[in-house]
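Indexing begins at 1, ligand by ligand and atom by atom, following the structure's order. The chain is numbered in sequence order, starting from 1.
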Amino acid sequence: MKILILNAGSSSQKSCLYDISRDVLPDDPPEPIWEGMIDWTHQAGIAEIQVKTVAQEVTKTVPYTDRPPVVEQMLATMWQGETQVLSTPSEIEAVGHRVVHGGRKYHDSIRITSEVKAAIAQLSELAPVHNAANLEGIEAAEAILGEQVLQVAVFDTAFHAQMPDAAAIYPGAYDWIEKGIYRYGFHGTSHQYCAERAASLLGQDLQDLRLITCHLGNGASLAAIRNGRSIDTTMGFTPLDGLMMGTRSGAVDPSILIHLMRHEGYDADKLDHLLNKQAGLLGISGVSNDMRQIMKAIDAGNNRAKLAIDIYIHRLRAYIGSMLASLGGLDGLIFTAGVGENSPLIRAAACEAFAFLGLKLDEEKNAGRPRDQLISTPDSTVKVLVIHTQEDWTIARDCWKLSRLH
Ligand SMILES: Nc1ncnc2c1ncn2[C@@H]1O[C@H](COP(=O)(O)OP(=O)(O)O)[C@@H](O)[C@H]1O
Ligand SMILES: CC(=O)OP(=O)(O)O
Ligand SMILES: [Mg+2]
């Protein structure tokens, strides 16, 4: 059966089409028969579309003001033109969506109905960069495939739903708990996949491992995983908490917000825009949200870009330390997502702080292009791995399972 996956991130729209047996779910992720990616941050007002099939790879740039027409254009390359893999879109039997915020209500993957769509829309305020894009994807698929097609929402928050209260509850007012103001955590699909994949690569039972997964993409979060469960994470009520990110500040003293409101005329929307879209690597460097551009600027002698990286590394180390304390020890440290998979410098800088534990990186392996591979030395006390996150495959698995119930 053909399952389409739409994974809307803050800087990209990733999509892929799997063709898997209706009867047996493969253990390992199969190669998608089509992959589409839109990079929204390529250049202001210009999106880059990349489409890949077994036979073809096509890249083009298109100007845009609204995202949906670009998403529809990318999806159409499945049944039109040189990357065509379907004779008609109706061959797609199910569509799985990454939905970032599931709120209090949704812990498990679920068939999308009008009620679920309304809840995703309502939660947009808590994941302003994401839930709206997730909904656009759901509506694009509905427009192409009709309302009867099985669409499944897989929530970033689900994997963290069982976090212990001490990690999940903010030390604010007690009634925040009743109001749903607590730490949800995000990137759960990625943290879960990477933990399972790490156990399999290490040949160990996930139940026996204490792991820290570092999902470092445009958005970034860490998870502390024990017995295969998330027991702590760096993102909170929204995907703004925790680490410094591409355009997000991560955690800052809340008094700064009060100060800006009192003295600089900031209101909720202006603060939201500043902290979600104009802060982080972009805000400090003034160059870009993209780590590759930051590195280039550093090479060209840009001091603000250097400061941005220094803060990024400082915060990353501090939060790894925090996850380590929650776990009470560490068997494996995993790097994943755009920065985690592609930046030897960030991995080495993060690991350096934990050398005192006996963590030793194999410099050659780290500097290569590791993928689903150990990059620590054989005598390192902590295994360090780079894992290519496969959120899409995790979403496809849930979609396949739900398709059997319908
Ligand atoms: N070769 C690379 N070196 C360093 N950073 C990279 C590289 N390739 C991608 N990245 C970083 O990864 C980010 C995108 O990560 P990704 O996980 O795809 O993001 P998202 O899913 O949040 O859109 C880019 O903004 C860039 O900073
Ligand atoms: C939750 C989140 O921050 O997602 P992304 O990294 O895809 O922006
Ligand atoms: Mg992502």
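- The nearest heavy-atom contact from the protein to atom 12 (O) of ligand 1 is Gly338 CA, 3.1 Å.
- Given atom 4 (C) of ligand 1, the protein heavy atom at minimum distance is Arg292 CG, 3.8 Å.
- Under a 4.0 Å criterion applied to the non-hydrogen atoms of Ser12, ligand 1 contributes the atoms 20 (P), 21 (O), 23 (O).
- At the shortest separation from atom 14 (C) of ligand 1 among protein heavy atoms lies Asn218 N, 3.9 Å.
- Using a 30° and 60° split on the angle between ring planes, Phe155 and Tyr106 fall in the parallel class, below 30°.
- Not one N or O of His215 is nearer than 3.5 Å to an N or O of ligand 1, by distance alone.
- Protein heavy atom at the shortest distance from atom 2 (C) of ligand 2 is His187 NE2, 3.1 Å.
- When hydrogens are left out, the protein atom nearest atom 4 (O) of ligand 2 is Arg98 NH2, 2.9 Å; that is the closest non-hydrogen contact.
- Only the side chain of Lys14 comes within contact range of ligand 1, with a heavy atom under 4.0 Å; no backbone atom does.
- Between Tyr18 and Trp393, the distance separating the two ring centers is shorter than 6.0 angstrom.
- Ring centroid separation for the pair Trp40 and Tyr64 comes in under the 6.0 Å cut-off.
- Protein heavy atom at the shortest distance from atom 23 (O) of ligand 1 is Ser11 OG, 2.6 Å.
- Contact between Gly246 and ligand 1 is absent, with no heavy atom of the residue lying under 4.0 Å from the ligand.
- The CD atom of Glu91 lies 9.0 Å from the CG atom of Leu17; values are rounded to the nearest 0.5 Å.
- Nearest protein heavy-atom neighbour of atom 27 (O) of ligand 1: Met291 N, 2.8 Å.
- When each atom of ligand 2 is checked for a heavy atom of Phe186 under 4.0 Å away, the hits are 1 (C).
- Contacts with ligand 2 closer than 4.0 Å are made by side-chain heavy atoms of Arg248 only, the backbone lying farther away.
- Close N/O approach between Met235 and ligand 2 is not found [any backbone or side-chain N/O within under 3.5 Å].
- Checked against a 6.0 Å centroid threshold, the rings of Tyr184 and Phe186 do not count as neighbours.
- The nearest non-hydrogen atom to atom 1 (N) of ligand 1, considering only Asn342, Asp290, Leu216, Thr336, comes from Asn342.
- Here the side chain of Arg226 pairs no donor or acceptor atom with the backbone of Ile231 at under 3.5 angstrom.
- Side chains of Gln84 and Glu82: no donor on one and acceptor on the other come within 3.5 Å.
- Results of the ring-ring contact (aromatic ring centres under 6.0 Å, His included) test with His160 over His101, His187, His191, His107 single out His191 as the only residue that passes.
- Atom-to-atom distance recorded for Arg248:CZ and Leu282:CG is 12.5 Å, nearest 0.5 angstrom.
- When non-hydrogen atoms are compared, ligand 2 lies under 4.0 Å from the side chain of Asp156 (C-beta onward) but not from its backbone.
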